[in-house]
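In what follows, a single structure is set out as C-alpha cells and then discussed.
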Protein chains: 2
Amino acid sequence: MAARRQYEELSQQLSAMGAVKRGLARILPPECPAGSVAVLVLLERHGPMRIGRLAELLAVDMSVTSRHVAHVAERGWIDRTPDPDDRRSRILRLTAEGTEQLAELSERYVQALAGYLEDWSDADVDQLNALLSRLRDSFGDRRAPSARLPHPTEQTTRTPA
Amino acid sequence: MAARRQYEELSQQLSAMGAVKRGLARILPPECPAGSVAVLVLLERHGPMRIGRLAELLAVDMSVTSRHVAHVAERGWIDRTPDPDDRRSRILRLTAEGTEQLAELSERYVQALAGYLEDWSDADVDQLNALLSRLRDSFGDRRAPSARLPHPTEQTTRTPA
DNA sequence: TATTGTTATACTCTATAACTATA
DNA sequence: TATAGTTATAGAGTATAACAATA
C-alpha cells in the first residue's frame with residue numbers, strides 16, 4: 001500500500017503514456033493501424049482461435065474485436081475457417097501474408113524503440129516490462145505476454161445482452 | 001541497447017496499456033473526460049498559462065487542446081483572461097470550482113489505484129513511476145511531472161501551416 | 001509575413017444495443 | 001433460452017487544414 005502522492009503521480013504518468021503510444025503508432029503503415037497489429041500479434045503468440053477468445057486477450061468488447069478482425073481479414077492477413085465444433089464461430093488463423101506483415105511490423109517497432117531507448121540498458125527494459133506486466137495483472141487484464149493462472153470467475157468481454 | 005526480444009515485448013506491453021487506461025477512465029464522472037482532467041491537472045501543477053504552452057505540456061496538437069479547454073471553460077473549471085502582452089492569447093487559470101473538481105478527481109484516482117494496487121509496495125510504485133517518467137523523456141515528451149532541462153530546439157506541437 | 005488560436009472535417013478506438021444464426 | 005458473432009450508432013481523442021485576429 002503506497003502513499004497518496006505516489007498514486008497521484010502514477011495516474012499522471014499513465015495518462016501521459018498517450019504521447020508514447022502515439023509516437024509508436026506513427027511508425028505504422030496506414031493500412032495497418034494499432035488495432036490490426038494487436039490482432040496479428042496475438043494470433044502469432046497464441047495460435048488460431050475464435051473471436052471471443054481474441055476479445056478476451058485484447059480486453060475489449062467483442063464488437064470491437066469483430067471490426068479489427070474484419071479489417072485484417074480483408075487484407076488477407078488472416079483467414080477464417082468454420083469451426084467444426086460450433087457453426088456459429090470461425091477459427092481465425094494467420095496467413096503467410098499475415099506472418100510477413102508481422103515481421104515487417106516487428107522490424108519497425110524494434111528500430112523505433114532502439115532509437116528512442118538507445119541509452120536504456122538491458123536491465124532497464126526488463127524491469128519496465130516486468131512492472132508493466134504486473135500493472136496489467138493488477139488491473140485484471142489477462143492478455144499476453146503475461147498469461148497467468150486462469151481465474152475461477154472468468155469474466156466475459158461481452159456487451160451484456 | 002537492449003535485445004530485439006525485449007523491444008518486441010515492450011511494444012506489446014505498451015499497446016496493452018490501453019486496458020489500464022480504460023480502467024482508470026471508467027472512474028471519471030461523465031462531465032469530466034480524461035482530456036479535461038489532463039487540462040486541470042496541468043494548470044494546477046504549472047499555474048496559469050496560455051493554450052500554446054498547455055498543448056506543449058499535453059504533447060498534443062493545439063487544435064485538440066483548444067477543444068479540451070473549451071470543455072472545461074464551459075463548466076466553469078477554468079477562466080480565460082486576455083493576455084495583456086499579446087491580444088491573440090488568453091491566460092488560462094483554474095477557478096475555485098476547478099480546484100474543487102480536481103480534489104474530487106484526485107480522491108477517485110487514489111481510491112481506485114489503492115484498490116487495484118493493494119499488493120504493491122511503496123518501492124514498487126516509485127520504481128514504476130520513475131521508469132514511466134524516463135520512458136516519456138526518451139520519447140521526447142516534456143510534460144509534468146518530470147519537467148526537465150529545456151531544449152535548445154523547442155519543438156512546436158502545432159499543425160504545420 | 002508569421003504566429004496564436006479556433007473551427008471544420010476525418011479517422012481510430014471504444015462501448016452499448018439490436019440483430020442473426022446456431023446451440 | 002442462451003450464446004457467438006455482426007452491425008448500427010454514438011462518443012472520446014486525435015490530426016490536418018483552412019481560417020480569423022493580432023504581432
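A note on names: the letters A, B, ... follow the listed sequences, proteins ahead of strands, and every chain is numbered from 1.
With the nearest nucleotide of DNA chain D identified for both A:I51 and A:R26, A:I51 has the one nearer the 5' end. Judged by closest nucleotide on DNA chain D, A:R50 is the one of A:R22 and A:R50 placed further toward the 5' end. Annotation: of the two residues near DNA chain C, B:T65 and A:D85, the 5′-most nearest-nucleotide partner is B:T65.
Between B:E31 atom CD and D:dG11 atom P the separation is 13 Å, expressed in whole Å. Remark: P of D:dA17 and CZ of B:R67 are 18 Å apart, rounded to the nearest angstrom. The interatomic distance linking B:M17 (CE) with D:dG13 (P) rounds to 19 Å, in whole Å. Protein atom CG of A:D61 is 12 Å distant from nucleotide atom P of D:dG5, rounded to whole Å. The nearest whole Å value for the distance from the CE atom in B:M62 to the P atom in D:dG13 is 19 Å. Between the P atom of D:dG13 and the NE2 atom of B:H71 lies a distance of 8 Å, rounded to the nearest Å. Going from atom CG of B:D83 over to atom C1' of C:dG5 covers 12 Å, rounded to whole Å. Between A:L54 atom CG and D:dA4 atom C1' the separation is 14 Å, expressed in whole Å.
Among the atoms of the strands shown, only primed sugar atoms or phosphate atoms (P, OP1, OP2) are found under 4.0 Å from some heavy atom of A:R90. Residue contacts shown for A:A34 are limited to sugar-phosphate atoms, with no base heavy atom under 4.0 Å away.
The shortest heavy-atom contact between B:R108 and B:I27 is NH1-O, 2.8 Å.
For D:dT16, the base has a donor-acceptor partner in the side chain of B:S63 [N/O atoms by modelled type, under 3.5 angstrom]. Not a single donor-acceptor contact under 3.5 angstrom links the side-chain atoms of A:R87 to the base of C:dT22.
At a threshold of 4.5 Å between side-chain heavy atoms, the hydrophobic network of Ile, Leu, Val, Met, Phe, Trp and Tyr places A:I91 and A:I51 in two separate groups.
Partner B:D83 forms a salt bridge (Lys or Arg N to Asp or Glu O under 4.0 Å) with one of B:R50, B:R53, B:R90 and no other, that one being B:R50.
At least one side-chain nitrogen or oxygen of A:H68 sits closer than 4.0 Å to the OP1 or OP2 atom of C:dT14. In this model, the phosphate group of C:dG5 is approached by a side-chain N or O of B:S89 to a distance below 4.0 Å at OP1 or OP2.
B:S11 contributes no side-chain N or O that, together with a main-chain N or O of A:Y109, makes up a donor-acceptor pair within less than 3.5 Å.
Classification of A:E107 and B:R4 as a salt-bridged pair holds, one side-chain N sitting under 4.0 Å from a carboxylate O.
Nearest nucleotide to the B:R88 side chain, out of D:dA21, D:dT7, C:dT22: D:dA21. With C:dG5, D:dT7, C:dT4 as the choices, the nucleotide that has an atom nearest any side-chain atom of B:D86 turns out to be C:dT4.
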